[in-house]
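First up is the structure itself, then whatever we jot down about it.
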Amino acid sequence: MPGLLLNDLLWEVLQQNLTITEQQWLNEKSLAQPRELMTAFVAAPRFLSKRVVDMDVSHSLEISKLLPGFSIEGWTVVRLSRVWLLACLEATDKEEYIRHIETLFDTAEMNELVALYSALPLLEYPEQWLFRATDAVRSNMGVVLDAIALHNPYPARHFTEAAWNQLVLKVIFNDKPIHFIVGLDERANEPLAHTLSDFAHERWAAGRKVAPQVWRLVSKFLDDALLKDMEHLFESTQPYDREAAALTCYHAEYKPAHELLASYPDLEKAVQHGNLTWAQLEFTDLNTYV
């Protein structure tokens, strides 16, 4: 099964980052009874290194292949160990399995919550964690929001449209890079596009910026009202605003958008020749409040 293969791969990464003593402790706990495994989940920082995981490129690519969008880049050894332990938890008895996971959620401190939300794509009975996952979107703890929203395929697979839109808006509002949201383009929708337009108008009225990646979610749904936003962007003094408008119009299935783009031949050619893509506007330090 893919889950087993992924867990084996995560163990290989852990072996590269743990001492022999740490490996023995973690492996022993993964084979223990559920209550002891849960205790190990909580106690992991006392027994394992807190350094950031060092990983081969081959492992990173294989993880992405087995679970598209999922990434452990930048994780600590403790976070990865906790996720691996959860993936080892016996799941045959559904009620008991759910009870164990819910207990961890109910008693978790911040770093434990990060591990729990990070582990959602690996847990059994995914529909059981939907309330927990949508609740995390409302969290005021930035690292918890990151754990559910960024490099995590669970929301794209299981969130309703309303919950999905709330997640995207929360990420944008908190100046986090939306291109790290798994399934961003596939789950673009018209209500979200118009909500983002309203959000942009509020930002502009306050003299603030809008991250250029926001507009990639609007492209499929351009209409007369949204086209006025493109006109505003083309008139901006910020190069990335004009580039975002060019990309949005180019990828739209809306003739007036193509006609508008034709008024800016240099940008049109840059997109046509592949010299301008959304990847070039994937900023991680947004600071749109300035």
Interatomic distance, CG@L85 vs CG@N27, rounded to 0.5 Å, equals 10.0 Å
Within a strict 4.5 Å, meaning less than it, do heavy atoms of the Q128 and Y97 side chains meet? no
Considering residues, nucleotides and ligands other than E95, do more than 12 of their heavy atoms fall under 6.0 Å from its CD? no
Rounded to the nearest 0.5 angstrom, the CD-CD distance for Q15 and E22 is 12.5 Å
Less than 4.5 Å apart, any side-chain heavy atom of T248 and any of L233? no
Are V52 and V78 connected into the same hydrophobic cluster when the rule is that any two of I, L, V, M, F, W, Y join if their side-chain heavy atoms are below 4.5 Å apart? no
CA sep, side-chain torsions, deciding dist, call: I181, W164, side chain to side chain contact (heavy atoms under 4.5 Å, CB included): CA-CA 10 Å; I181 300 177; W164 174 261; 3.5 Å; yes
Which class fits the ring pair Y154 and F159: parallel under 30°, tilted 30 to 60°, perpendicular over 60°? perpendicular
Looking at every heavy atom in both L260 and M230, which two are closest together, and how far apart are they? CD2-CB, 3.8 Å
Quick one: does Q280's side chain have a donor or acceptor within less than 3.5 Å of a partner on T277's backbone? yes
Value for CG (L48) from OG1 (T76), rounded to nearest 0.5 Å, stands at 9.5 Å
Could you tabulate the donor-acceptor pairs under 3.5 Å formed by side-chain atoms of residues 107-123, not counting sequence neighbours?
unit_1: T107; atom_1: OG1; unit_2: T103; atom_2: O; d: 2.9
unit_1: E109; atom_1: OE1; unit_2: N111; atom_2: N; d: 3.2
unit_1: E109; atom_1: OE2; unit_2: N111; atom_2: N; d: 3.3
unit_1: E109; atom_1: OE2; unit_2: E112; atom_2: N; d: 2.9
unit_1: E112; atom_1: OE1; unit_2: E109; atom_2: N; d: 3.2
unit_1: Y117; atom_1: OH; unit_2: R132; atom_2: O; d: 3.2
unit_1: S118; atom_1: OG; unit_2: R79; atom_2: NE; d: 3.2
unit_1: S118; atom_1: OG; unit_2: R79; atom_2: NH2; d: 2.8
unit_1: S118; atom_1: OG; unit_2: V114; atom_2: O; d: 2.6

How about P153 and L67: do any of their side-chain heavy atoms sit closer than 4.5 Å? yes
Mind checking the CZ-OG spacing from F234 to S263? Nearest 0.5 Å is all I need. 8.0 Å
So do W75 and M55 actually touch side chain to side chain, heavy atoms under 4.5 Å? no
Heavy-atom count check: over 12 atoms from other residues, nucleotides or ligands less than 6.0 Å from N275 CG? yes
Criterion salt bridge (charged side-chain N to carboxylate O under 4.0 Å, His left out) on K29 and E36, from CA distance to verdict: CA-CA 7 Å; K29 298 306 178 183; E36 187 176 349; 2.9 Å; yes
Minimum heavy-atom separation for G142 and K176, please, with both atom names. O-NZ, 3.8 Å
Does a side-chain heavy-atom distance below 4.5 Å link Q166 with R138? yes
Given the rule in the side chain to side chain contact (heavy atoms under 4.5 Å, CB included) test, do F180 and T284 qualify, once you have shown the distances and angles that lead to the verdict? CA-CA 9 Å; F180 290 153; T284 53; 3.9 Å; yes
Quick one: does any side-chain atom of R51 pair with a main-chain N or O of V77 as donor and acceptor, under 3.5 Å? no
State, to 0.1 Å, how close W215 and A244 come at their nearest heavy-atom pair, and which atoms those are. CD1-CB, 4.0 Å
Decide yes or no for I172 and V168: does some side-chain heavy atom of the first lie under 4.5 Å from some side-chain heavy atom of the second? yes
Polar contact flag, side-chain donor to acceptor under 3.5 angstrom, E12-H59: yes
Begin from the C-alpha positions of W129 and E124 and carry the test side chain to side chain contact (heavy atoms under 4.5 Å, CB included) through to its verdict. CA-CA 9 Å; W129 321 118; E124 299 295 335; over 6 Å; no
Report the relative orientation of the aromatic rings in F283 and Y240; use parallel for angles under 30°, tilted for 30 to 60°, perpendicular for over 60°. perpendicular
Nearest atoms (heavy-atom pairs only) where E268 meets A262: OE1-CA, 3.7 Å
Less than 4.5 Å apart, any side-chain heavy atom of N152 and any of V182? no
Return a table of donor-acceptor pairs under 3.5 angstrom between the side chains of residues 188-200 and protein atoms on other chains or two or more places apart.
unit_1: N189; atom_1: OD1; unit_2: N165; atom_2: ND2; d: 3.1
unit_1: N189; atom_1: OD1; unit_2: L192; atom_2: N; d: 3.0
unit_1: N189; atom_1: ND2; unit_2: N165; atom_2: OD1; d: 2.8
unit_1: N189; atom_1: ND2; unit_2: R187; atom_2: O; d: 3.1
unit_1: H194; atom_1: NE2; unit_2: D223; atom_2: OD2; d: 3.3
unit_1: T195; atom_1: OG1; unit_2: P191; atom_2: O; d: 2.9
unit_1: S197; atom_1: OG; unit_2: D229; atom_2: OD2; d: 2.5

Does the side chain to side chain contact (heavy atoms under 4.5 Å, CB included) test come out yes or no for H232 and W204, once each step is laid out? CA-CA 10 Å; H232 179 90; W204 292 336; 3.4 Å; yes
Without swapping roles, check the side chain of W84 against the backbone of N7 for a donor-acceptor pair under 3.5 Å. yes
Does a side-chain heavy-atom distance below 4.5 Å link L247 with L281? yes
Under 3.5 Å, is there a donor-acceptor pair between the side chain of Y125 and the main chain of A91? yes
Rounded at 0.5 Å granularity, tell me how far OG in S30 sits from CG in L86. 12.0 Å
About how many Å separate CD of Q213 and CD of E282, when rounded to the nearest 0.5 Å? 5.0 Å
